[in-house]
Amino acid sequence: MQVRVRYAPSPTGYQHVGGVRTALFNYLFARAHNARFILRIEDTDQERFQEDALEDIYRTFDWLGFHWDEGPDIDGPYAPYLQSQRSEIYRKYAEQLVASGNAYYCYCSAERLEQLRKGGPEGTKSSGYDRRCRTLSPEEQAEFAGRGLTRVTRFKVPLEGSTSFYDELLGNIETANRDINPDPVLLKSDGLPTYHLANVIDDHLMEISHILRAQEWLPSCSLHTLIYQALEWTPPKFCHLPMVLGEDGQKLSKRHGATRIMEFREQGYLPEALINYIALLGWSFDDSREFFTLKELESVFSVEKLNKAPGVFDYKKLAWFDGNYIRKLSPEKLISLVLPYLQRDGLVEADPSPEQMGLLSGLVPLVQERLTTLSEVSGLVGFLFKEIEEYNIEDLIPKRLAKEQTLEVLKNIEQILKKFFDHSDEENEKIFRDLAKDMGIKLGDVLMPLRVALTGSRISPPLFESIRLLGQVRTLKRIERVIKLF
Ligand code: GLU
Ligand code: ZN
């Protein structure tokens, strides 16, 4: 059997961690089998369609850097890959199912269905549709059709027996047919298919061999199995992926933090780190190895190593991964990657001057060790590119010093800084040490007010390098400004 897999998102929202994990596993599975990975857009739900969702799919995967071999944007032998362009196909099979006695038309009004949902006067519990139209006589059918009533096509779920399918991860799953949603709609009144019908038909027609998808689709799989049987098709192999949870054990959602992939980009994560981390949500290679490039994943990924237990999304762990990936970058690469963030934050011009580039190449390598995301660079090096807006006087005064004492420190520092550029780093260090000793205070309590005066923050890149990059004039100006605050 030829392996073919697909990612089949509905453009009803943005790409988030769960969806991308599904896409990634399908992609890796395809690569491991030298097979094709298909993107199919399941856009038959007009009501939930979101205008920019499709664009978000393309942008997300462009940024992540892995792609499908067939899809709406590149075409392929099974086109079209947008379900909205395949309505005729679904209609044909829906009619075939009616003709073979596996589906029927339902003429119930929206009001009646609404009442059923609420548990209406007819005594039905709110367990769904009551199957009234399943037994309409040909005469009744003809009458309703003659009156021009709108209709939907419903699937005839068998009333007895059970349905089972094999899940590659979870094993055999058997469901009593009476527990399956009574007679789901296949074709809506607007003639468009529901997810169930379109999904089954396309997976068959596109010759998908394995379905790797989120576990939330597991309950639909019995129904899909019945539809495959009714169409006399062999279903693909199924594999429902472990859930992705937040640290509180709830399904990962906005409450936990960013889940949209493009939001991680805005926060300054590297796609390589994100892919690496997402690959470990519900999959592991062994007990120890954690770092994988996409290429490496392509050769080591296998479904056998999926975990049954849910993957837990740990934001701190992701940040740790990202920091590791950032430290591996060459200085040139890092500078080019942080530039857009500095521009976004208004620190560097769209077309940076040679002087700005000079400052960046001096400073960025110094902060490389401290970054966990690219966007943090603005906070760390911003002091070089703009004046400090406002000082927090509390930050300037070390815990162990009084206000007057701090002022004295700053005045002494001002004198030292006038000659800073005449000395080497070792000499300067000695000078600051001597000052601390003379004043009977700790070296840290000398350097801290200096650091805050120059950078506006207690956390900064290495101090002496910062002074050199800032230059004598700006350094002294900042000290003077701070002294005036006292
Ligand atoms: N359109 C479905 C989704 O948005 C696809 C589920 C499946 O892969 O079958 O998740
Ligand atoms: Zn009905």
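Every number for a ligand or one of its atoms is a count from 1 in the order of the listing.
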Does atom CD of Glu160 have more than 12 heavy-atom neighbours from other groups under 6.0 Å away? no

Count the heavy atoms of every other residue, nucleotide or ligand shown that sit under 6.0 Å from NZ of Lys305, and state whether that count exceeds 12. yes

Can you sort out which atoms of ligand 1 are near [X], meaning under 4.0 Å from one of its heavy atoms?
X	value
Tyr195	2 (C), 5 (C), 6 (C), 7 (C), 9 (O)
Asn199	7 (C), 9 (O)
Glu42	1 (N), 2 (C), 5 (C)

Identify whether the distance between the nearest side-chain nitrogen and carboxylate oxygen of [X] and [Y] falls below 4.0 Å.
X	Y	answer
Glu95	Arg91	no
Glu272	Lys328	no
Arg6	Asp202	no

Can you figure out which of Tyr7, Trp217, Phe238 has its heavy atom closest to atom 3 (C) of ligand 1? Trp217

Does Asn181 reach the main-chain N or O of Pro184 with its side chain, forming a donor-acceptor pair under 3.5 Å? no

Looking at Phe144, does the NZ or CZ of Arg151 lie under 6.0 angstrom from its six-membered ring centre and within 45 degrees of the ring axis? no

I'd like to know if the Zn ion (ligand 2) has an N/O/S atom from Tyr129 within less than 2.8 Å of it, counting both backbone and side-chain atoms. yes

Can you give the angle Cys108 SG - the Zn ion (ligand 2) - Cys106 SG, rounded to 10°? 110°

What's the shortest distance from atom 5 (C) of ligand 1 to any protein heavy atom, and which residue and atom give it? Ala8 O, 3.1 Å

To which protein heavy atom is atom 4 (O) of ligand 1 closest, and what is the distance rounded to 0.1 Å? Ser10 OG, 3.2 Å

Is Ile211 close to ligand 1, meaning an N/O of one under 3.5 Å from an N/O of the other? no

Just to check, does Arg6 reach to within less than 4.0 Å of ligand 1 when the distance is taken from its heavy atoms? yes

